[in-house]
Amino acid sequence: MTLRDSLGTALRAVSANKLRSALTMLGVVIGVGSVITMVGIGEGTKRKSLENIERMGTNMLVVMPNWRRGNVTGSNENATLKARDVARLRSEIPLVEQITGTVQRRGAVRYGNRSHFTQVVGAEPQIAVIRNATRMAEGGWYTEEDEINGTPKCVLGYTVYQELFGNENALGATVKAFNSMNFEVVGVISYKGGEGNWNPDDQVYIPLSIAMTRLMGRQDYSTIQLKAARADLMMVTQKQIEDVLNRGNTSAGGEPLFRVMNQGERIEEMEQQNRLLSNLLAGIASVSLLVGGIGIMNIMLVSVTERTREIGLRKAIGATGESILTQFLFESIVMCLLGGALGVALGSGATFYIAKLFKVPPVVDLQAILIAFGFSAFVGLFFGFYPALRASKLQPIEALRYE
């Protein structure tokens, strides 16, 4: 019997028991579909997270006070960021391209009878470059002169603009922050996209001077935000910032008073975490393939038992053990490949549905498809070999006598 004949016989045997074959393939279908879906959603989540970071500016570094937490000896009560720290960083680190202190506070911003709870950020005009927010839907940014004079002007993120103004023109309108102070809208930042605490569209920017002295009443900064001149020297820039700020400044416990968040480092950590998570999820989903393989072995053993007289008859008229082995092995592989094909279709559809549900880019990874499909073929070969071998070793006389 040729390989073509064996394949044809295997296809007829699978189609002869459609319901049993479908139930047997179910484990493989679920396994392959799960692998593709898990990897696709993991990759889509990673891309969405990276896009959000890139919208904020990949060259951005953020300096924050390193407040101590827990029952640790010492105190970081002196971990405050001042204007002198900004001046030191600006003068001592040539790799810093733009720098500003910021103060931040969440609260209600009101226009007419509309109100929206958002993040109000006090910062100098260079925050636009640092946070990659120079593209404007309307108007522009407040100026250095506005900063020096403490002019009550503001720039709205796109989400804030839509919540307060809908499709109306916002330029020149007056909004009230925290029910205490009026600001003239001079610009609306173009839509960037984002969600949660890192949503760049859900922010209002006002001059740093007026934020500190009149709106929030602060003497120190919440953060210092910087843009590095070169993306490939982010780690070097970060180390220089830490050295300058922590020079002679440590807590009683010996820890630095300030810490620096590096967007590039954050991207690298996020990629590593998503890679580990995707591998873990794919590994868990692969267990379904193994379970499906065990089911296929079980059904193939039952099939060998049911067709014992057929095997004996074929051997009696000249069929070799190799042809019997090939036929049953093909049956197992065909079921796994059909299950794999259905799993690819199921996994691809599920990826698009779940991605839409969680608002992440749908990613159907070709490598994941090939690996899952190839693994399903291996499952058919591995778990189908023992039943096929058992069928090929049946003795014709004993097989013909089997009831």
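Keep in mind it's a predicted model, so treat the numbers as computed, not measured. Just so it is clear, the values below take in all heavy atoms, side chains as well, and ignore hydrogens, waters and symmetry mates.
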(message) Test of understanding: with salt bridge (Lys or Arg N to Asp or Glu O under 4.0 Å), list the residues that count as partners of Glu242, not counting sequence neighbours.
(response) none
(message) When you compare the side chain of Pro65 with that of Leu81, does any pair of heavy atoms fall below 4.5 Å?
(response) yes
(message) Is it true that, when you exclude Asn167 itself, more than 12 heavy atoms of the residues, nucleotides or ligands shown sit nearer than 6.0 Å to its CG?
(response) no
(message) Looking at every non-hydrogen atom in both residues, tell me the closest pair between Ala211 and Ile206 and how far apart they are.
(response) CB-CD1, 3.6 Å
(request) Supply the atom-to-atom distance Asp232 CG to Thr237 OG1, rounded to the nearest 0.5 angstrom. (result) 9.0 Å
(message) Quick check against the 3.5 Å criterion: does Ser209 have a side-chain atom that pairs as donor or acceptor with the backbone of Ile148?
(response) no
(message) For a 4.5 angstrom cut-off between non-hydrogen side-chain atoms, does Arg90 reach Val96?
(response) no
(message) I'd like to check Ile189 versus Tyr161 (side-chain heavy atoms, cut-off strictly below 4.5 Å). Are they in contact?
(response) no
(request) Test side chain to side chain contact (heavy atoms under 4.5 Å, CB included) on Val109 and Glu163 and set out the steps. (result) CA-CA 10 Å; Val109 176; Glu163 291 291 333; over 6 Å; no
(message) Given 3.5 Å as the limit, does a donor-acceptor pair link the side chain of Asp202 with the main chain of Gly157, or not?
(response) no
(message) Using every non-hydrogen atom in the two residues, find where Ile333 and Gly380 come nearest and quote the distance to one decimal.
(response) CG1-C, 4.0 Å
(request) Considering non-hydrogen atoms only, spot the tightest contact between Ser115 and Ala108 and give its length. (result) OG-CB, 3.8 Å
(message) I need the Met64 CE to Arg259 CZ distance, nearest 0.5 Å.
(response) 4.0 Å
(message) Counting only heavy atoms not in Phe178 (residues, nucleotides, ligands), do more than 12 fall under 6.0 Å from its CZ?
(response) yes
(request) Please report the closest heavy-atom contact between Val29 and Gly339, naming both atoms and the distance. (result) CG2-O, 3.4 Å
(message) Distance check, rounded to the nearest 0.5 Å: Met60 atom CE versus Met261 atom CE?
(response) 5.0 Å
(message) Among Arg105, Gln104, Gln203, which residue satisfies the side chain to side chain donor-acceptor pair (under 3.5 Å) criterion with Gln119?
(response) Gln104
(request) Write down the atom of Ser348, the atom of Ile36, and the distance for their closest heavy-atom approach. (result) N-CG2, 4.2 Å
(message) Quick one: does any side-chain atom of Lys153 pair with a main-chain N or O of Thr143 as donor and acceptor, under 3.5 Å?
(response) no
(message) Contact between Arg131 and Lys227 at the side-chain level, heavy atoms closer than 4.5 Å - yes or no?
(response) no
(message) To the nearest 0.5 Å, what is the distance between CE on Met216 and CG on Leu208?
(response) 9.0 Å
(request) Please check if the side chain of Gln225 supplies one atom and the backbone of Thr100 the other of a donor-acceptor pair under 3.5 Å. (result) no
(message) I'd like to know whether CZ of Arg214 has more than 12 heavy-atom contacts from other residues, nucleotides or ligands below 6.0 angstrom.
(response) no
(request) Answer whether the closest heavy-atom distance between the side chains of Arg390 and Leu301 falls below 4.5 Å. (result) yes
(message) Is it the case that atom CD in Glu168 sees more than 12 heavy atoms from other parts of the structure closer than 6.0 Å?
(response) yes
(request) Would you indicate whether the side-chain heavy atoms of Thr351 and Val363 approach each other to under 4.5 Å? (result) no
(request) Search all heavy atoms of Val186 against all heavy atoms of Trp141 and return the closest pair with its distance. (result) CG2-C, 4.3 Å
(message) Under 4.0 Å between a side-chain nitrogen and a carboxylate oxygen: does that hold for Arg88 and Asp85?
(response) yes
(request) Please confirm whether the backbone N or O of Leu171 pairs with a side-chain atom of Asn169, one donor and one acceptor, at under 3.5 Å? (result) yes
(message) Using only atom types and a distance under 3.5 Å, with no angle test, would you say the side chain of Ser303 pairs donor to acceptor with the backbone of Ile299?
(response) no
(request) Answer whether the closest heavy-atom distance between the side chains of Ile210 and Leu215 falls below 4.5 Å. (result) no
(request) Before giving the answer on side chain to side chain contact (heavy atoms under 4.5 Å, CB included), spell out for Phe383 and Asn298 the whole-Å C-alpha distance, their side-chain angles and the decisive distance to 0.1 Å. (result) CA-CA 9 Å; Phe383 286 99; Asn298 182 49; over 6 Å; no
(message) Pair Gln126, Glu144 - check side chain to side chain contact (heavy atoms under 4.5 Å, CB included), show working.
(response) CA-CA 9 Å; Gln126 49 264 44; Glu144 286 289 348; 3.0 Å; yes
(request) Hey, could you give me the CD/CD1 distance between Gln98 and Ile127, rounded to the nearest 0.5 Å? (result) 10.0 Å
(message) Atom NZ of residue position Lys393 - does it have more than 12 heavy atoms of other residues, nucleotides or ligands inside 6.0 Å?
(response) no
(message) Could you tell me if the side chain of Val86 sits less than 4.5 Å from the side chain of Tyr221, heavy atoms only?
(response) yes
(request) Could you note down all residue pairs passing ring pair (Phe, Tyr, Trp, His ring centres under 6.0 Å) where residues 103-128 supplies at least one of them, sequence neighbours left out? (result) Tyr111-Phe165
(request) For Ile30 and Leu26, run side chain to side chain contact (heavy atoms under 4.5 Å, CB included): C-alpha distance rounded to whole Å, both residues' side-chain angles, the deciding distance at 0.1 Å, then the answer. (result) CA-CA 6 Å; Ile30 294 174; Leu26 191 58; 4.0 Å; yes
(request) Given side chain to side chain donor-acceptor pair (under 3.5 Å), test Ser222 with Thr102 step by step and report yes or no. (result) CA-CA 6 Å; Ser222 303; Thr102 72; 5.4 Å; no
(request) Mark yes or no for whether Asp201, through its side chain, and Tyr191, through its backbone, hold a donor-acceptor pair below 3.5 Å. (result) no
(request) Report yes or no: does Ser190 contribute a side-chain atom to a donor-acceptor pair with the main-chain N or O of Ala137 at less than 3.5 Å? (result) yes
(request) Supply the atom-to-atom distance Leu95 CG to Leu89 CG, rounded to the nearest 0.5 angstrom. (result) 12.0 Å
